[in-house]
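Order of the sequence lines sets the chain letters (A, B, ...), proteins ahead of strands, with each chain counted from 1.
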Amino acid sequence: MSTSATTITTAAQARAVPEQDAVRLELAGSWRITTDTPEWAAFDTASLAALVSLTPALRPDVSQLRHWDTSLILFLREAGNWCAQNEIAFDESALPANIRRLLAGMRAARVRPIDTQRRPNILASAGLATASAWQQGKQFTQFVGECVISALYLLRRPRRFRWRDCLHEMQRCGAMALPIVGLISFLVGVILAYIGAVVLRQYGGDIFIADLVGLIMVREMGAMMTGIVIAGRTGGAFAAQIANMKAGEEIDALVTLGIRPVDFLVIPRLVALAIMMPLLSLYSNALGNIGGMTVGALLLKIPVSAYWIEMQSILDLSDITTGLIKAATYGVIVGLAGCLRGLQAQRDSAGVGNAATSAVVSAMLYIIVACAVYAVVFNILGW
Amino acid sequence: MNTNATTPPAAIAVEGLRCAYDGRVVLDNISFSVPRGQIFFIVGGSGCGKSTLLKHMIGLHQPAGGRVGYFGEDFTGAPAARRREIMKTFGVLYQSAALWSSLTLRENVALPLEEYTALTRPERELVVAHKLAQVGLSGFEDYYPAEISGGMKKRAGLARALALDPQIIFLDEPSAGLDPVTSRNLDGLLLSVRENLGATLVIVSHELESIHGIADRIIMLDRDARGAIADGHPRQLVHNSPDPRVRDFLQRADCASPAAEKPPA
C-alpha cells in the first residue's frame with residue numbers, strides 16, 4: 001500500500017496505515033511545489049477503499065513532515081474531496097492549525113471562468129476603431145489649430161518664445177544630424193548614379209548622369225531622405241520626451257500654471273525643425289551630388305569639371321526652391337507628428353514607447369503623402 | 001456637510017461634484033466649502049479617488065457634473081481664458097513633484113516668476129534663492145531633477161508651487177516617500193506658509209501623523225460609497241464619527257502618533 005520502499009527519506013511520501021479507529025494517512029518528507037510530490041490521482045484509492053471499509057475514517061498525519069507548502073494542501077484537499085464523495089469521515093483534528101486554515105482557504109477558493117463579455121465582438125471592434133479614427137482626426141485638427149493660435153500669440157509677444165529651447169533643439173536636430181544625413185545622402189547619390197549608368201551607358205549618354213542625379217537629389221530625394229532620417233531621429237525623440245513629461249505630470253504642472261503646453265513645448269520644436277530642415281536638405285543635396293560625381297569620376301571616367309558644368313546646365317533656382325519648400329514642410333510634419341503623439345500618449349512607460357513608434361510611422365506616412373501632393377501641385381504650376 | 005455660503009466667500013466651494021472617467025463614475029455628489037486659511041485634508045484608502053478629486057478641483061479634468069468655485073467665482077463654467085487666470089492663483093505640488101526635467105531647480109522655480117511677474121532678474125534670483133532655502137535646498141540650485149533624491153524633488157516641487165505666493169496650495173501626497181523627520185519638517189513648513197501668506201491648503205494624504213498634526217479639517221472618501229463618508233476635525237471624528245471605517249482609519253493614526261492622548265480602545 002505504501003509508495004516505493006526505496007524512496008529517499010527526504011522525498012515527499014504519502015501512505016495509508018490502518019489503525020484501530022481510522023486509517024492514518026501518513027505524510028512524510030519534504031513537500032515542495034517545485035519538486036515531484038505524490039498526487040492523489042496516482043494514489044491507489046482502490047486498496048485505500050478496502051482499508052477504509054473496515055474503519056470508515058481517514059486521518060491525515062503530518063508528524064513525519066520535514067517541510068511542506070501548497071503542494072501538501074492541494075493533496076489534502078483532494079483527499080478530503082475523495083472522502084466526501086465516498087462518505088468517509090475526513091478527520092482533520094490532528095492537523096496543525098495553520099494547515100487547517102490554509103486548507104479551508106483553498107477549499108473556499110473559486111476559479112472564475114474567463115469573462116467572455118470583456119472581449120468585444122467584431123462589430124464592436126469595428127465600431128470602436130471607427131470612433132477612434134474619428135477622434136484621431138479631430139485631435140489632429142484641433143492640435144494644428146492650437147499650434148496656429150500659439151504661433152500667432154508668440155508672434156505678437158516674441159519675448160515669450162522660448163529661444164533657448166529652440167536653439168537647443170536646432171543644435172540637436174540640425175547640427176548633430178549632419179553625419180547621418182551626410183552619409184545617407186552620399187550613398188543615395190552613389191546608388192542613383194549606378195542605376196542611371198546602367199541605362200545611360202547603352203546610349204553613350206554617360207554625362208547625363210549628372211542631370212539625373214542632380215535633378216532627383218535637389219527636387220526630391222534630398223528633402224525626402226532628410227525628412228525620413230529626421231522623422232526617425234528627432235520625431236521619435238520629441239514624442240518620447242513629451243510623453244515622458246506627460247507621465248511625470250510635467251505637462252499638468254504647465255497647465256495649472258496657466259502656460260499652454262503648445263507655446264512652451266511644441267512651437268519651439270516646430271520652429272527649430274522648420275529652420276533646420278531646409279539647411280539639412282541643402283547639405284543633403286550637396287552630398288548626394290558629390291556621391292554621383294564620385295561614381296562618375298571613378299566608374300564612368302567623367303571629369304569632375306564636366307560633371308559640374310552639366311549639372312549646372314540642368315539645375316536652376318526653381319529646382320532648389322521646390323526642394324527647400326518640401327524640406328520645410330517635412331520638418332513641420334515631423335515636428336507636428338512627434339509633439340502630437342507625445343501629448344496624446346498614455347501616462348505610463350508603454351505609452352512612451354507607443355508614442356515614439358507612432359510618431360515615426362505617421363511622420364513618414366505624411367511625408368510621402370505631402371511629397372505626392374507637391375509633385376502634382378508643382379507640375380500644375382510648371383515649377 | 002457644513003457648507004456656509006455667507007460672507008466672506010469661501011476660498012473653495014465644491015457643489016455636487018461628479019468625477020467620471022470614460023463614463024465610469026468615480027466620485028459623485030461631493031460638496032464642501034473650505035474657508036480661507038484652512039488646512040484641509042482629503043484622506044481615504046488607495047483608489048478611492050483622492051487624486052481624482054484634486055485634479056478635478058484644479059481644472060485638469062472637466063467634471064461630469066456639479067461645479068467648483070474659488071473665492072465666490074465659478075471656476076468650472078468660466079471661459080478658458082478666465083480659468084487660466086484663476087489657475088495662476090494656485091500652487092500645485094504633484095505626487096511625482098513634476099519638476100520640468102530639462103530645467104535646473106533654479107530655473108524650475110524661476111519659470112513661473114518669469115512668466116507672470118515683472119521682477120527684475122536680480123529680484124527674481126533673490127526670490128528663487130529664498131524659496132529654495134525655505135524648503136532646505138540651498139546649494140542645489142543648479143542640479144537637474146534627475147540628479148536629486150525623491151524627497152528633494154518633492155521639496156523643490158513645493159518651492160516651485162510657492163513661487164507665486166499662491167492663495168490656495170494643492171498638495172498631492174506631499175510626504176509620500178519622505179523620511180519621518182523630513183516629513184515633520186514639511187508639516188512645519190506648511191504651517192508657516194499658512195501663517196505667513198494666509199494661504200488655504202488642500203492636501204491629499206494618508207499620512208496619519210500629518211493629519212493629526214496639522215489638519216484643521218478632513219474629508220474622507222470611500223471607494224464603495226463613491227463619495228465622502230466623513231467631514232470634520234480629525235480630533236472629533238476619531239472618537240465621535242458614526243462610521244466605523246472613519247474611526248478605524250483615524251485611530252490607527254492615533255496609536256502611531258507620539259502625541260496620542262490615549263491608546264486605541
Side-chain angles (χ1 to χ4, degrees), chain A residues 118 120 128 131-132 135 142 145-146 149-150 153-154 157-169 171-173 237-238 240-266 268-269 272 339 342-343 346-349 351-352, chain B residues 21-22 51 54-62 75 80-104 107-118 145-146 150 153-154 156-158 160-164 166 168-173:
Chain A
R118 289 177 66 92
L128 288 174
S132 137
Q135 280 298 325
Q142 197 178 354
E146 277 175 32
I149 291 172
S150 271
Y153 169 81
L154 290 171
R157 295 176 190 74
R159 210 176 57 81
R160 293 267 160 132
F161 184 69
R162 304 216 29 108
W163 290 105
R164 210 186 60 170
D165 284 357
C166 183
L167 289 173
H168 180 71
E169 291 302 338
Q171 189 206 354
R172 279 167 44 115
C173 73
F238 283 0
Q241 274 169 9
I242 294 178
N244 227 338
M245 290 183 72
K246 195 174 173 195
E249 299 178 308
E250 291 177 45
I251 307 272
D252 291 345
L254 286 174
V255 172
T256 42
L257 258 183
I259 301 174
R260 278 186 298 224
V262 175
D263 294 355
F264 193 84
L265 297 170
V266 179
R269 286 172 165 79
C339 296
L343 287 171
Q346 298 290 319
R347 293 167 179 268
D348 52 26
S349 51
V352 176
Chain B
Y21 289 120
D22 300 328
S51 295
L54 190 82
K55 287 187 172 168
H56 279 79
M57 286 169 72
I58 59 182
L60 285 176
H61 296 310
Q62 193 65 17
F75 175 66
R82 181 63 200 150
R83 278 164 65 90
R84 273 218 301 283
E85 287 301 313
I86 298 176
M87 278 177 171
K88 286 179 200 167
T89 64
F90 301 161
V92 186
L93 170 61
Y94 291 87
Q95 206 166 345
S96 59
L99 296 170
W100 296 301
S101 46
S102 60
L103 305 181
T104 61
E107 292 165 337
N108 260 287
V109 181
L111 184 73
L113 298 168
E114 283 169 27
E115 288 286 323
Y116 297 123
T117 65
K153 280 185 207 169
K154 276 274 167 69
L158 183 63
R160 186 182 68 187
L162 297 176
L164 293 172
I168 305 179
I169 305 169
F170 294 93
L171 304 101
D172 195 353
E173 309 220 355

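Residues satisfying the salt bridge (Lys or Arg N to Asp or Glu O under 4.0 Å) test with B:Glu85, not counting sequence neighbours, are B:Lys88.
Remark: B:Leu60 CG to A:Asp252 CG distance equals 4.5 Å, nearest 0.5 Å. Put simply, CD1 on A:Ile259 and CE on B:Met87 are 12.0 Å apart, with the number rounded to the nearest 0.5 Å. Distance CD/A:Gln241 to OG/B:Ser102: 8.0 Å, rounded to 0.5 Å.
With respect to chain B, the highest number of heavy-atom pairs below 4.5 Å among A:Ile251, A:Val255, A:Asn244, A:Leu254 belongs to A:Leu254. When the candidates B:Glu114, B:Glu107, B:Arg160 are compared by the number of heavy-atom contacts under 4.5 Å with chain A, B:Glu107 comes out ahead.
Taking each heavy atom of A:Glu249 and B:Ser96 in turn, the nearest pair found is OE1-OG, 2.8 Å.
Under a cut-off of 6.0 angstrom, the local environment of CZ in A:Arg157 is crowded, with over 12 non-hydrogen atoms contributed by other residues, nucleotides or ligands.
No side-chain heavy atom of A:Leu257 sits less than 4.5 Å from a side-chain heavy atom of B:Val92. The shortest distance between side-chain heavy atoms of B:Tyr94 and A:Glu250 does not fall below 4.5 Å. A 4.5 Å side-chain heavy-atom check between B:Trp100 and A:Leu265 finds every atom pair outside the cut-off.
Only the side chain of B:Leu164 has a heavy atom closer than 4.5 Å to any heavy atom of chain A. Using a 4.5 Å cut-off between heavy atoms, B:Leu111 contacts chain A through its side chain alone, with no backbone atom that close. Only the side chain of A:Arg162 has a heavy atom closer than 4.5 Å to any heavy atom of chain B. Heavy atoms closer than 4.5 Å to chain A are found nowhere in B:Phe170, neither backbone nor side chain.
The main-chain N or O of B:Glu115 is found under 3.5 Å from a side-chain atom of A:Arg160 such that the two form a donor-acceptor pair.
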